[in-house]
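Okay, structure first, notes after.
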Amino acid sequence: MMILCTVLAAPVLAAADPLRKSIDPIYADLDALYIDLHKTPELSRQEVQTSAKMADRLRRLGFDVTTQIGGHGVVGLLRNGDGPTVMLRADLDGLPIEEKTGVPYASQVIATSAAGKSVPVMHACGHDIHMTAWVGAATLLANARDRWRGTLMMVAQPAEETGSGALAMLKDGLFTRFPKPDFAFGIHDHSGLPAGKVAFTSGFALASVDSVDATIFGRGGHGAYPHTTVDPIVIAARSVVALQTLVARENNPLDPAVVTVGSIHGGSKHNIIPDEVRLQITVRSYKEAVRKKLLAGIDRILKAEAAAANAPREPTTVVSESTPATFNDPALTSRLAAMLRARMGTTAVVELPPVMGAEDFAEYGRAGVPAAIFWVGGVEPQKFAEAKRSGAVLPSLHSPHFVPAREPTIRTAVETMTAAALELLAKPAP
Ligand SMILES: [Zn+2]
Ligand SMILES: [Zn+2]
């Protein structure tokens, strides 16, 4: 009997939790919102309908709403007396992926990409979960103004997937036209963590990413007369091998770094030496000094290999997309992790090592705001346990098969966001 009581104690306490209970009456509405968002994803920089839906939700809750910040960005302010300003962020965009989850609410959307191509669109990164949780938190916090003081700043950010939306909002006055927050918080769903769990990483959590487009020039001609040409394919081949030494030989092994040539294109036929070869390289790191060294190293190696081959022109390298490393403020992270552990239990709130993926949430911290982004598990717990047993690989974020276990994921995400805001906006003890 004693053992039974101990086992039952935690869930009974949890069910009685007022915040968790307050999700019940709004859950059906949040579920409908999630399904609507999932069915109607929009590409980065095209989030017209999605941002209008977010702005409308905030207006109905009494927020002071401004739209079209840095593209389709939305800011909603709820002023509730003197106190700190806390920013909660959600991201709006989907991805050019054809959904293959088989769920009845799967996206059928086809859109035109920035390059003018017709592409299927899917919320394959779970940004629909983030928006639903964000609306849920805004609703609960607007309904419980007696429990906090200060300013709640809701930020719906466009173009996360191109790594450009956060910076565009900042450049458009996010922290000058609106109050600069004392804290910023966000969540991201996790495709390798069961629903109901929350995870955090203190300090550096997600890597910086630079997408480098390089062109190597030669002098084309007949494949039978190589001596009359400068072969850019041979220069490219040597360059790809030499680039591996940036991480293997020039980088401190204790500093995480990746240089991956993900695409190489040149030539059209067996017997033609082309004029040029194009490379696409992803560069990932944590420290700004490492990042600069890798980018400079790519430029140096490509130029040196071209010079060694007597190329008629220096190669060009362009960084087409950039996202800095995400740093979770350690004091804020440990404060929120301790609070979540106290309310959800220590096994439900776990610490994870950093990853080489990226998030432009990083920009808010770089703008001088103590910021943290936490993971929220998205996998059906039973599916997670089976995969662990069998060794099966679960669909990752950005997979056409990724579909979060919606109710437990949404409920945990709403609770996490709301509890974080309440912790930071709590009224001082009388
Ligand atoms: Zn993504
Ligand atoms: Zn994402």
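For ligands, and for the atoms within them, numbers begin at 1 and follow the listed sequence. Throughout, numbering of the chain's residues begins at 1 and tracks the sequence.
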Which protein N, O or S atoms does the Zn ion (ligand 1) have within a distance shorter than 2.8 Å?
C125 SG, E161 OE1, E161 OE2, H398 NE2

Suppose the criterion is salt bridge (Lys or Arg N to Asp or Glu O under 4.0 Å): which pairs have a residue in residues 87-103, not counting sequence neighbours?
R89-D91, R89-E359, R89-D360

Rounded to the nearest 0.5 Å, what separation is found between the CZ atom of R313 and the CZ atom of F217?
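Those atoms lie 3.5 Å apart.
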
State which residues pass side-chain hydrogen bond (donor to acceptor under 3.5 Å, both in side chains) with N80; sequence neighbours excluded, sorted by chain then number.
none

Side chain to side chain donor-acceptor pair (under 3.5 Å), that's the test. Do R366 and T326 meet it? Break it down for me.
CA-CA 9 Å; R366 279 165 62 100; T326 303; over 6 Å; no

Using the benzene-type ring in the case of Trp, are the ring centres of F185 and F374 under 6.0 Å apart?
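Distance test on ring centres: under 6.0 Å, yes.
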
Holding to side chain to side chain contact (heavy atoms under 4.5 Å, CB included), I want the full list of residues that pass it with K293, two or more places apart in sequence or in another chain.
E250

